[in-house]
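Just so it is clear: chains get the letters A, B, ... in the order the sequence lines come, proteins before strands, and each one is counted from 1.
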Amino acid sequence: DTEVTQTPKHLVMGMTNKKSLKCEQHMGHRAMYWYKQKAKKPPELMFVYSYEKLSINESVPSRFSPECPNSSLLNLHLHALQPEDSALYLCASSQGGGLWEQYFGPGTRLTVT
Amino acid sequence: QKEVEQNSGPLSVPEGAIASLNCTYSDRGSQSFFWYRQYSGKSPELIMSIYSNGDKEDGRFTAQLNKASQYVSLLIRDSQPSDSATYLCPLYKGNSGAGSYQLTFGKGTKLSVIP
């Protein structure tokens, strides 16, 4: 089973709202990732968590705040977003320990109004 | 120089033909290579991984790797309309110390299989 789940599937939020995206995997993977994908562009890495610790932050604005409560869960907290932040947000996981294939969740389609 | 370059699309092939997708890398350090398929509006799906020089076959898909030339290709035999998608070959960068691995994606190649 290589399933990564993400909720919600769609999210519409105003620029003053606070919302959270959730990602979950039960494959025992030890690395989890957030990507952002704009229309007709490739995914861009935002954050990497390894063994529940933030290991990579690709200079993402502070209005995006990641959290890894445990090895199976990954959250992305959103606050004071801009319309240009509207995109597909993808979560992925990989086993680590020398196994590098990343498996993506279905994504959350975010619209900021 | 871009880290990952893919042959420019869109690529159109008739149903039943062989589709050939190519990818070159500027980073000689990568030891792992992947192909992802992404349907419009969907998330990327891993279809092949290849670590050694040569060919790797999985059903109608064959990945070919030449590390010296920093080149990887994907052949799709007997192409079907359902293969119409964007194909991505990200550059893998590992951080063994942190136990994390990141993928840097190129623009991808859009494949259209014409019935």
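- With hydrogens and angles ignored, the 3.5 Å screen pairs a side-chain donor or acceptor of B/K56 with a backbone N or O of B/S49.
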Run A/K22 and A/E67 through salt bridge (Lys or Arg N to Asp or Glu O under 4.0 Å) and show every step you take. CA-CA 10 Å; A/K22 292 190 174 184; A/E67 179 196 19; over 6 Å; no
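- Contacts of A/E58 with chain B are made by side-chain atoms alone, with heavy-atom separations under 4.5 Å and no backbone atom involved.
- Heavy-atom distances place both the backbone and the side chain of B/L103 under 4.5 Å from chain A.
- When only modelled atom types and interatomic distance are considered, B/T24 and B/Q70 share no side-chain donor-acceptor pair under 3.5 Å.
- Using modelled atom types, one finds no donor on one side chain facing an acceptor on the other under 3.5 Å when comparing B/Q64 with B/N66.
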Show your reasoning for whether side chain to side chain contact (heavy atoms under 4.5 Å, CB included) applies to A/Y35 and B/F105. CA-CA 11 Å; A/Y35 290 85; B/F105 289 88; 3.9 Å; yes
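- Checked against ring pair (Phe, Tyr, Trp, His ring centres under 6.0 Å), B/Y87 has no partners two or more places apart in sequence or in another chain.
- Counted within 6.0 Å of NZ on A/K53, heavy atoms from surrounding residues, nucleotides or ligands total 12 or fewer; the atom is thus considered open.
- Neither the backbone nor the side chain of A/E44 comes within contact range of chain B; no heavy atoms are under 4.5 Å apart.
- Listed in order of number, the residues of residues 32-44 of chain B that approach chain A to under 4.5 Å between heavy atoms are B/S32, B/F34, B/Y36, B/Q38, B/G41, B/K42, B/S43, B/P44.
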